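Below is one structure, written out as C-alpha cells; the observations come after it.
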Amino acid sequence: MKLVFYGAGNMAQAIFKGIIDSKTLNSNDIYLTNKSNEERLKQFAEELGVEYSYDDEALLKDADYVFLGTKPYDFEEVAKRIQPHITDDNRFISIMAGLPINYIHEQLQVTNPIARIMPNTNAQVGHSVTGISFSGNFGPKSKDEVIELVNAFGSVIEVDEDHLHQVTAITGSGPAFLYHVFEQYVKAGTELGLEKGQVEESIKNLIIGTSKMIERSDLSMEQLRKNITSKGGTTQAGLDALAQHDIKGIFEDCLNAAVERSMELSKNENN
C-alpha cells in the first residue's frame, strides 16, 4: 500500500509516525511532500526511512491513499497543480479543517472517494480520538483500510460529515479544554500553600493514574467517582462545593461555542 502526504506539519507527522510505529506499513511505503521546506522532508527521510518528492505525477502514480494536509487556504492552488496527475485508483483522506467533501471534489475536479478525518494532538502519543466521515462512493474494503490506518494512532468514531463539527468540539479541541481545567487545578492547589512544582508533579501523576483507572475499569466514570466518595467525607465536601456552580452548563457553553466556530470557519473557507 502506498501512502502520500501532501503537507508534513505536526498533525500529518503524528499520523505517519503513528502508522510507522504501529508497523501497519513499512516506512518506505510512505511518501511526503510539502510546499517548500525540503530540509524538513530530508530529516524525516533520514530519521524514519520515508520517501519524499516534489514530482506530483510520481507521487500520485500507484498511490492508494493521498492525505491532504495542506493549510486550507493553500488547497485551491495544490488542487489545480495535482489535478492533471490524479488517477482513478487514488483515494483521498483530508485532514484539512473546515473543507467539506463536496468542496474538495469540486477543487480536484474528480469523483474519487474522499474521507475526512478530524484527529487531535494526542495522535502524537498514539491516543487520538479521530472523527471520520466518508463520501458515498467509499467502498467497504477501502473504509476498513482507512479505519485500520487511523487506528494506528488512536481510536475512531465514524459520523456523518455534518457531525464533524461536534467531534471537532468534543475531541479535536478537547485536549485544550482539559489542559485548561488542569491548569486551574494546579493554581488552586498552589494557593493552598504547597510549592508549585510539587503540585504540578502531583497533579500530572494524578491525571495519569486516573486515566489508567478509566482505561482499565469496566465501570462508568460516574461509578468510579461514587466509589471514592464517602458520605460526610472530604471528597463529598469538595463535590458539594462544586455543585454550587453550574459545571454542566459551563461545559455545554464551551462545546457549543466550539461547534458554532467550526461551522463559521467551514462557511468562511468555502466563500
Side-chain angles (χ1 to χ4, degrees), residues 9-15 17-18 21-22 95 97 117-132 150-157 159 163-262 264-265:
N10 291 335
M11 188 55 70
Q13 178 182 340
I15 292 171
K17 279 189 172 180
D21 290 344
S22 69
I95 58 176
I117 64 173
M118 179 53 63
N120 64 30
T121 55
N122 292 344
Q124 296 174 43
V125 292
H127 282 280
S128 173
V129 180
T130 301
I132 186 167
V150 176
N151 275 329
F153 52 90
S155 59
V156 180
I157 174 172
V159 297
H163 288 154
L164 278 181
H165 298 296
Q166 286 82 350
V167 173
T168 298
I170 296 168
T171 64
S173 300
F177 301 150
L178 293 179
Y179 289 142
H180 185 64
V181 171
F182 301 149
E183 282 180 76
Q184 307 318 307
Y185 200 19
V186 169
K187 289 176 182 177
T190 304
E191 289 175 4
L192 293 177
L194 296 175
E195 293 182 7
K196 184 179 179 182
Q198 288 181 309
V199 176
E200 286 181 336
E201 186 65 21
S202 297
I203 290 176
K204 180 172 73 175
N205 287 312
L206 172 67
I207 293 164
I208 292 168
T210 304
S211 298
K212 289 187 180 296
M213 283 291 293
I214 294 170
E215 180 183 31
R216 296 177 184 179
S217 176
D218 293 329
L219 300 176
S220 66
M221 284 184 271
E222 179 184 10
Q223 189 58 52
L224 288 169
R225 171 182 57 79
K226 287 180 178 179
N227 287 351
I228 55 174
T229 307
S230 301
K231 187 176 181 180
T234 57
T235 305
Q236 186 64 62
L239 289 170
D240 288 344
L242 280 176
Q244 302 302 309
H245 307 274
D246 185 10
I247 303 297
K248 179 173 176 286
I250 289 170
F251 279 102
E252 285 177 348
D253 288 347
C254 170
L255 295 179
N256 284 329
V259 169
E260 289 174 10
R261 184 56 180 155
S262 177
E264 289 171 1
L265 290 172

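The figures here come from the full heavy-atom set of this structure, side chains too, leaving out hydrogens, waters and symmetry mates. These numbers were taken from a predicted model, which means no experiment stands behind them.
Distance CD1/I95 to OG1/T130: 10.0 Å, rounded to 0.5 Å. Taken from CG in L164 to CD1 in I132, the straight-line distance is 9.0 Å, to the nearest 0.5 Å. The distance from atom CD of Q166 to atom OG1 of T171, rounded to the nearest 0.5 Å, is 11.0 Å. For the atom pair OG1 of T210 and CD1 of I228, the computed distance is 7.5 Å after rounding to the nearest 0.5 Å. I15 CD1 to S128 OG: the interatomic distance, rounded to the nearest 0.5 Å, is 7.5 Å. Distance check: E252 CD to I250 CD1 gives 10.5 Å after rounding to the nearest 0.5 Å.
Judged by distance alone, with hydrogens and angles left aside, the side-chain atoms of T190 form a donor-acceptor pair with the main-chain N or O of V186 at under 3.5 Å.
For the pair Y185/I207, no side-chain contact is recorded, criterion being any heavy-atom separation below 4.5 Å from C-beta on. Counting heavy atoms from C-beta on, the side chains of I208 and N205 come closer than 4.5 Å.
Among all heavy-atom pairs drawn from F177 and A169, the shortest one is CE1-O, 3.4 Å. What you find for G172 and N120 is that their closest heavy atoms are O-CB, 3.7 Å. Closest of all the heavy-atom pairs between P175 and N122 is CG-ND2, 4.0 Å.
Using a 4.0 Å cut-off between a side-chain N of Lys or Arg and a carboxylate O of Asp or Glu, K226 and E222 qualify as a salt bridge.
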